[in-house]
Amino acid sequence: MAFTLKNTFENYRWVTEKNIFVTGFTWLAEEYISGELFIKAISENSASFESFKIFAGQLNGQFAIVVFNETDTWAVCSHTWSYPLFYRFDNNNVYFSDNPKKLLSDKKEKETLSFSKLYFLAFGVTPGNTTLKKGIFQVQPGEILRLGQNNTESFKIFTSAVQNKTTEKAEIKETDLHHILLNVFEKQYKCLKDKQVLLPLTRGYDSRLLGCLLKEFGHRNVICATWGRHQNSEQETARKVAGQLGYDHIFVDYSQEVPNGFSHTKEFESFIGYSGHFSSMPFLQDYFAIRTLKNKKIIDNQTVALPGHPGDFLRGSHLDSKMADNDTSYMISKIIDAFGSSFPLRTEQEKRIREHISQTFFSQKDESLWSNYENWDYEERQCKFIGNSTLVFPFFGLEFLMPLFDLKILRFFQKVPFKQKLGAKLYNHTLETFFFKKHRVNFDLKSSENDGVKLNPLKNKLLKTIPHTIKKWYYPVEDPIFYHEITSELKASEKKFSYKHPLKPHRYNSYIIQWYLQYIEKLKIPLEK
């Protein structure tokens, strides 16, 4: 098989030398490397695929790498999936790109209701290495690929699942978590010195922690920003936290900053392609805020954004006590309920999705089921959905850093027993004791439930039968993001598009997902079978 490269690396800032292409950065032996130094390190470790695989397994950062050889091609995406990468086979060639639109085939095949499309309607991401386009594939989070003449090999840098059937592990001390957070931030802070930091601040724990760490390390040039509907529940607390830490706070009011007709602008169309890439729902929550801050010159291309991902995953915010019973059916129901878009699936459609999740994530007998649940959460949600939202920063020319996504922190939390994750006990109490109290921001804290939120199967069944108008009355639809108006604009932008109401009226993402599917189908390229 020949390996051909067309000039299709265009979305990210790539550095190239001969057959090596790299974007982003990594820590290697605790040293930050990027650009030419990154290229040099790759070159020195590319004598064979085995040496490259060992090298890639040591990397800890936000990056994507492609190495083209005469007989095979190697590719790797970091465990954060910060720079999604795509490939296609055609006529004994393989093509890579960071923009999958460049990989589209001109074959006029009939579009079909594929499983990838069904899964996308349910979760806003495509499963595994698939995309919504036939023959185009994605490199998965933390995956090392070797595409050879006769076969494809895949390896993982990191997997969230832990090979431990029992829920009983040695209890972790709060001082240990405090130490690892300081240790990791000290390393990453070297990238922030003398730079302006944009801290997206809410009333939650993760962004508040990052604010405390910036204060602890003496950083002064910090802009804290909150956005959404005027007087939403996040605004006042975020303002008080920023003030207590000594930082400026800005609120971006979406009632003023979401322009009428935004869906027809070239900038928005470019963002949809950049952040949706035929595999993830374009995340619109942050788009208008970063656009406003950049246009008003409050931030610039030297600013480093510091989002708090994947804090909710670390602390175990979606776990409940029933999950310790190792009931696979319950686990999958919990995934659909907690992370799904609430799109009204038919019985046979939900069955197909459940079978896929069971076979892909719950067939490993040497792992506890709640660990399998977390592995789904990590790969399919935290990387492809939540983490994918950070593409808004490079789209507007900003760097971004995710300290809580450091491999040292992820591996630390693999050792945390179920009982300490339940109700976010270890995470929340450590932050409250060692950071929030110290910096006097231990107020307006969201209370965590000791037992987690369990499923109510009867309630979920009733949701499928109750008319949408009644459910809208029953559900107090809180919309702090301004999603009602944003999705209304999207739905009005194309009169021929049709929509199904989500089972839960406040799941506005379902409308964005349905809009995006119909939007890309206008390209008249076949969906994957």
- For W370 and N372, test the side chains for any donor-to-acceptor distance below 3.5 angstrom and give the result as yes or no. no

- Task: Please name all residues satisfying side-chain contact (heavy atoms from CB on, under 4.5 Å) with R507, sequence neighbours left out, ordered by chain then number.
- Result: S342, P502, K504

- Task: State plainly whether the residues D253 and R229 are in salt-bridge range, i.e. N to O under 4.0 Å.
- Result: no

- Message: For K195, is there an ion pair with E399 - N to carboxylate O distance below 4.0 angstrom?
- Response: yes

- Message: Using ring centroids (six-membered ring only for Trp), state whether Y287 and F262 fall under 6.0 Å.
- Response: no

- Message: One thing to verify: whether R239 and E236 come together as a salt bridge, which I'm taking to mean a side-chain N less than 4.0 angstrom from a carboxylate O.
- Response: yes

- Message: Heavy-atom count check: over 12 atoms from other residues, nucleotides or ligands less than 6.0 Å from H439 NE2?
- Response: yes

- Taking the side chain from Y508 and the backbone from I486, do they hold a donor-acceptor pair closer than 3.5 Å? no

- Test side chain to side chain contact (heavy atoms under 4.5 Å, CB included) on L426 and L177 and set out the steps. CA-CA 8 Å; L426 175 67; L177 176 54; 4.0 Å; yes

- Query: Would N232 and W227 count as having a side-chain donor-acceptor pair, cut-off 3.5 Å?
  - Reply: no

- Note on the structure: Those residues at least two apart in sequence (or on a different chain) that pass side chain to side chain donor-acceptor pair (under 3.5 Å) with S82 are T80

- Task: Count the heavy atoms belonging to other residues, nucleotides or ligands that lie under 6.0 Å from NZ of K296, then report whether that count exceeds 12.
- Result: no

- Query: How about Y254 and E485: does a side-chain donor come under 3.5 Å of a side-chain acceptor?
  - Reply: no

- Do we get R208 above F443's six-membered ring, with its NZ or CZ under 6.0 Å from the centre and within 45° of the axis? yes

- Could you point out which residue of F63, Y32, F38, F400 forms a ring pair (Phe, Tyr, Trp, His ring centres under 6.0 Å) with F25? Y32

- Query: Do any pairs count as a side-chain hydrogen bond (donor to acceptor under 3.5 Å, both in side chains) and have a residue in residues 44-66, sequence neighbours left out, and if so which ones?
  - Reply: S48-S51, N60-D406

